[in-house]
Participant: 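Okay, handing you the structure first.
Since the structure is predicted, the reported quantities are computational estimates derived from the model, not experimental observations. Quick note: numbers below take in every heavy atom, side chains included, and nothing from hydrogens, waters or symmetry partners.
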Amino acid sequence: LDRSSAASDVYKRQDIGTGRILKSLIDAIEIKENNLVFTNRMTRINDDAKPHRQLLDAQNDRSKITHVEQVIYDFYADVVSDELSFNRMIEIIGKRYPLMGYLFFIKNRRRYTPISPTNFEKAFGLLNVTIKLSHKCSWQNYSEYNQILNCLLYTSPSPRDRTRYR
């Protein structure tokens, strides 16, 4: 999956059930040095520690392939709402915030942001912004997180705006 391509150009409805969509998504997750989802150290220690373990396991079960690829296709092709897709993906991969944030970031990097719950809670705390992210993986929580980031982005002075600091 190439973030610059429209998902409808990458994923084709006729590919649902073939394993192509699932493989493409796994390849996007396993990009070398992808620190938005997991570290190489973590996956070397324990293969089961991979946050996308359920996707890897689904590759070996034809019925799971079809179900997972339908959910992926529906999400990236905008067949269903992002909220419904979020909830459907939680049923497949569990409440794995960094992975969920990455999947949404791939879809629309202007609207969605990757998330590291512990790190962002600390950063928000320094800014006196209160939001609980750890163990709170839900559509409502993720939406609030993205709204906060969007607000901070558009209300913080730009380092390029030197006239404010003279």
Side-chain angles (χ1 to χ4, degrees), residues 1-40 42-43 46-121 123-124 131-150:
L1 178 63
D2 176 7
R3 283 194 322 223
S4 63
S5 300
S8 58
D9 294 338
V10 176
Y11 298 142
K12 304 293 181 197
R13 183 173 293 282
Q14 64 265 23
D15 288 336
I16 295 171
T18 66
R20 287 187 202 117
I21 294 172
L22 184 54
K23 180 170 179 357
S24 172
L25 187 63
I26 289 169
D27 289 347
I29 293 166
E30 292 184 342
I31 293 172
K32 188 175 181 180
E33 304 301 322
N34 181 356
N35 65 353
L36 296 175
V37 180
F38 61 93
T39 65
N40 290 333
M42 180 174 58
T43 57
N46 182 357
D47 209 39
D48 289 333
K50 292 182 178 179
H52 64 301
R53 173 86 266 153
Q54 289 82 355
L55 297 177
L56 294 168
D57 291 345
Q59 293 180 104
N60 301 318
D61 183 328
R62 181 63 50 198
S63 66
K64 284 185 181 178
I65 289 173
T66 300
H67 173 69
V68 170
E69 289 188 336
Q70 184 69 59
V71 170
I72 294 167
Y73 177 85
D74 289 351
F75 172 55
Y76 288 107
D78 287 320
V79 174
V80 300
S81 71
D82 288 352
E83 179 177 4
L84 179 58
S85 290
F86 192 97
N87 294 327
R88 289 170 74 191
M89 286 192 283
I90 281 178
E91 291 174 5
I92 295 168
I93 63 173
K95 293 186 174 191
R96 291 173 161 56
Y97 237 152
L99 179 56
M100 293 295 285
Y102 181 69
L103 297 177
F104 275 76
F105 178 68
I106 289 172
K107 179 179 182 176
N108 185 333
R109 64 182 171 187
R110 290 196 169 115
R111 183 171 177 201
Y112 299 113
T113 308
I115 183 170
S116 174
T118 304
N119 292 331
F120 274 99
E121 280 180 354
F124 287 149
I131 182 172
K132 178 79 172 139
L133 299 168
S134 297
H135 310 290
K136 297 289 183 185
C137 183
S138 70
W139 174 252
Q140 181 179 349
N141 190 258
Y142 186 59
S143 296
E144 182 180 354
Y145 160 79
N146 280 291
Q147 288 171 356
I148 290 169
L149 288 177
N150 193 44

Participant: To the closest 0.5 Å, what do you measure between CD1 (Ile21) and CD1 (Ile16)?
Facilitator: 5.0 Å
Participant: Any sub-3.5 Å donor-acceptor pair from Tyr102's side-chain atoms to Ala28's backbone N or O?
Facilitator: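 Yes; judged by distance alone, with no hydrogens or angles, the pair exists.
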Participant: Is there a side-chain contact between Tyr73 and Val79, using heavy atoms and a 4.5 Å cut-off?
Facilitator: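 Contact flag for Tyr73/Val79 side chains = yes.
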Participant: Should Ile90 and Trp139 count as side-chain neighbours, where that means a heavy-atom distance under 4.5 Å?
Facilitator: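 No, side chains not in contact.
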Participant: Is Lys95 close to Lys136 at the side-chain level, that is, under 4.5 Å between some pair of heavy atoms?
Facilitator: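 A side-chain contact is absent here, since even the closest heavy-atom pair is not under 4.5 Å.
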Participant: When you measure from the side chain of Glu69 to the backbone N and O of Gly19, does any donor-acceptor pair fall under 3.5 Å?
Facilitator: yes
Participant: If only atom types and distance count, is the side chain of Arg109 paired as donor or acceptor with the main-chain N or O of Ile106 below 3.5 Å?
Facilitator: no
Participant: Regarding Asp57 and Lys64, does a basic nitrogen lie under 4.0 Å from an acidic carboxylate oxygen?
Facilitator: no
Participant: Can any side-chain N or O of Tyr145 pair as donor or acceptor with the backbone N or O of Pro117 at less than 3.5 Å?
Facilitator: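 No, because the side chain of Tyr145 does not come within donor-acceptor range (under 3.5 Å) of the backbone of Pro117.
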Participant: Can Lys23 and Asp27 be said to form a side chain to side chain contact (heavy atoms under 4.5 Å, CB included), step by step?
Facilitator: CA-CA 6 Å; Lys23 180 170 179 357; Asp27 289 347; 3.0 Å; yes
Participant: Over all heavy atoms of both residues, which pair between Ser134 and Thr118 is shortest? Give the atoms and the distance, please.
Facilitator: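 Smallest heavy-atom distance, with atoms named: OG-OG1, 3.8 Å.
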Participant: Within the side chain of Thr18, is there an N or O that forms a donor-acceptor pair under 3.5 Å with the backbone of Gln14?
Facilitator: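 No.
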Participant: Nearest 0.5 angstrom please: Asn87 CG to Ser81 OG, how far?
Facilitator: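 Separation between the atoms: 8.0 Å.
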Participant: Do you know the tightest heavy-atom contact between Asp78 and Lys107?
Facilitator: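 In terms of heavy atoms, the two residues are closest at OD1-NZ, 2.5 Å.
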Participant: Find out whether Tyr11 and Leu25 are in side-chain contact, i.e. whether some heavy atom of one side chain is under 4.5 Å from a heavy atom of the other.
Facilitator: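 Sidechains of Leu25 and Tyr11: in contact.
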Participant: Do the rings of Phe124 and Phe120 sit parallel, tilted or perpendicular, given the 30° and 60° boundaries?
Facilitator: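 The rings of Phe124 and Phe120 sit tilted, inter-plane angle from 30° to 60°.
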Participant: For residues Val80 and Arg88, determine if any side-chain heavy atom of one lies less than 4.5 Å from a side-chain heavy atom of the other.
Facilitator: yes
Participant: Short question: side chain of Arg20, backbone of Asp15 - any donor-acceptor pair under 3.5 Å?
Facilitator: no
Participant: Rounded to the nearest 0.5 Å, how far does CD1 of Ile92 lie from CG of Leu99?
Facilitator: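 Spacing of CG (Leu99) from CD1 (Ile92) equals 11.0 Å.
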Participant: Quick one: pull up CG in Leu149 and CZ in Arg111 and give me the separation to the nearest 0.5 Å.
Facilitator: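 Leu149 atom CG to Arg111 atom CZ measures 14.0 Å (nearest 0.5 Å).
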Participant: What distance separates Asn146 CG from Thr113 OG1, expressed to the nearest 0.5 Å?
Facilitator: 4.5 Å
Participant: Do His52 and Ile26 come close enough that some side-chain heavy atom pair is under 4.5 Å?
Facilitator: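 In short, these two side chains touch, coming nearer than 4.5 Å.
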Participant: Quick one: closest heavy-atom pair of Ile115 and Gly101, and the distance?
Facilitator: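 Minimum heavy-atom contact is CG2-CA, 4.1 Å.
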Participant: Could you check Asp74 against Gln70 for side-chain hydrogen bond (donor to acceptor under 3.5 Å, both in side chains), going step by step and ending with a plain yes or no?
Facilitator: CA-CA 6 Å; Asp74 289 351; Gln70 184 69 59; 2.8 Å; yes
Participant: Test side chain to side chain contact (heavy atoms under 4.5 Å, CB included) on Asp82 and Tyr112 and set out the steps.
Facilitator: CA-CA 11 Å; Asp82 288 352; Tyr112 299 113; 2.5 Å; yes
Participant: Working to the nearest 0.5 Å, report the span between CG of Leu55 and CD of Gln59.
Facilitator: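 Result: 8.0 Å between the selected atoms.
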Participant: When the aromatic ring centroids of Phe104 and Phe75 are compared, is their separation below 6.0 Å?
Facilitator: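 Between Phe75 and Phe104, which both carry aromatic rings, the centre distance is below 6.0 Å.
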Participant: Under 4.5 Å between any side-chain heavy atoms of Ser85 and Val71, yes or no?
Facilitator: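 They are not in side-chain contact.
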Participant: Counting heavy atoms not belonging to Gln140, are there more than 12 under 6.0 Å from its CD?
Facilitator: no
Participant: Can you check whether Ile131 reaches Asn141 side chain to side chain, under 4.5 Å on heavy atoms?
Facilitator: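 Sidechains of Asn141 and Ile131: in contact.
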